[in-house]
Amino acid sequence: MLDIDLGKIVTTLGENTIADIGEPLGLDRELSIKAAKSLAKNFHGNKDEAIAAAAEETGIGKDVLEAMITKLLD
């Protein structure tokens, strides 16, 4: 289990950077922020569980969310 506070990462990066991360993934600013916040809220050490929960919450595809969480964790 990873001991990472994804919420803190999302907050630190800020909305502009989150939007920049989401743009090449096909997400507009609003969806990028929604995806990042949902991933952060659902991340408890297991990124696959966070992706599945965020996909259900947001309706965004798992492949897009996986790419986003990978960028956020890098």
Side-chain angles (χ1 to χ4, degrees):
M1 187 154 146
L2 299 173
D3 188 23
I4 297 171
D5 186 345
L6 190 56
K8 191 176 283 187
I9 292 169
V10 169
T11 301
T12 301
L13 289 175
E15 291 184 356
N16 290 333
T17 302
I18 298 295
D20 290 344
I21 290 170
E23 184 178 1
L25 303 175
L27 301 176
D28 64 18
R29 180 183 176 87
E30 183 180 322
L31 280 177
S32 297
I33 294 165
K34 183 177 182 178
K37 287 182 177 182
S38 183
L39 287 167
K41 181 178 88 173
N42 290 294
F43 184 77
H44 305 290
N46 184 316
K47 75 177 193 173
D48 292 332
E49 289 175 5
I51 291 166
E56 190 172 316
E57 275 183 15
T58 65
I60 298 170
K62 289 182 181 181
D63 54 335
V64 173
L65 292 168
E66 183 171 3
M68 176 166 266
I69 199 168
T70 299
K71 289 179 180 260
L72 292 171
L73 292 173
D74 282 345

Nearest heavy atoms of Pro24 and Asp20, plus distance in Å: CD-O, 3.1 Å

Inter-residue atom distance Thr70.OG1 - Leu65.CG, 0.5 Å rounding: 10.5 Å

Where at least one partner belongs to residues 64-74, residue pairs that pass salt bridge (charged side-chain N to carboxylate O under 4.0 Å, His left out), sequence neighbours excluded: none

Distance in Å, Ile51 CD1 paired with Ile60 CD1, rounded so as to fall on 0.5 Å steps: 12.0 Å

Show me, pair by pair, the donor-acceptor contacts under 3.5 angstrom made by side chains of residues 32-41, not counting sequence neighbours?
from, atom 1, to, atom 2, distance (Å)
Ser32, OG, Asp28, O, 2.8
Ser38, OG, Asn42, ND2, 3.4
Ser38, OG, Glu57, OE1, 2.6
Lys41, NZ, Glu57, OE1, 3.4
Lys41, NZ, Glu57, OE2, 2.9

Pairs under 3.5 angstrom only: tabulate donor-acceptor contacts from the side chains of residues 11-18 to other protein residues two or more places apart or in another chain.
from, atom 1, to, atom 2, distance (Å)
Thr11, OG1, Gly7, O, 2.9
Thr12, OG1, Lys8, O, 2.7
Glu15, OE1, Arg29, NH2, 3.4
Asn16, OD1, Arg29, NH1, 2.8
Asn16, OD1, Arg29, NH2, 3.3
Thr17, OG1, Leu13, O, 3.1

Taking every non-hydrogen atom, the tightest pair across Lys62 and Ala55: CG-CB, 3.7 Å

